[in-house]
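This report refers to the structure that appears directly beneath it.
We number each residue from 1, following the sequence as shown.
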Amino acid sequence: MDVVKAIDKASFIESYLKLMWCVHSKYEGLTEEELVLYRLGMQTFMEHIEADLKELISALKSDEED
């Protein structure tokens, strides 16, 4: 993975986390329906973050081995 792609992935991860913190700050007053959407959103974003982090870690490890 080149540096530009790694920086791009890290930036997306940072944006995902900022968004989730923003949503989480509104968590207390949510209705039952909003809570379901919140949970689905959290799961979706966390899956994306996890996949991006795995790719970054793998790329960094392969760069380290070269």
From [atom1] ([X]) to [atom2] ([Y]), nearest 0.5 Å:
X   : Y   : atom1 : atom2 : answer
Y16 : T44 : OH    : OG1   : 10.5 Å
D8  : D52 : CG    : CG    : 9.0 Å
L60 : E55 : CG    : CD    : 10.5 Å
F45 : L19 : CZ    : CG    : 4.5 Å
I13 : K18 : CD1   : NZ    : 13.5 Å
K5  : I7  : NZ    : CD1   : 13.5 Å

Quiz item: Transitively linked via ILVMFWY side-chain contacts under 4.5 Å: L17 with F12?
Solution: yes

* Asked: L37, M46: one ILVMFWY side-chain cluster at the under-4.5 Å cut-off?
  -> no

| message | If we ignore hydrogens and angles and just use 3.5 Å, is the side chain of S15 paired with the main-chain N or O of S11 as donor and acceptor? | response | yes

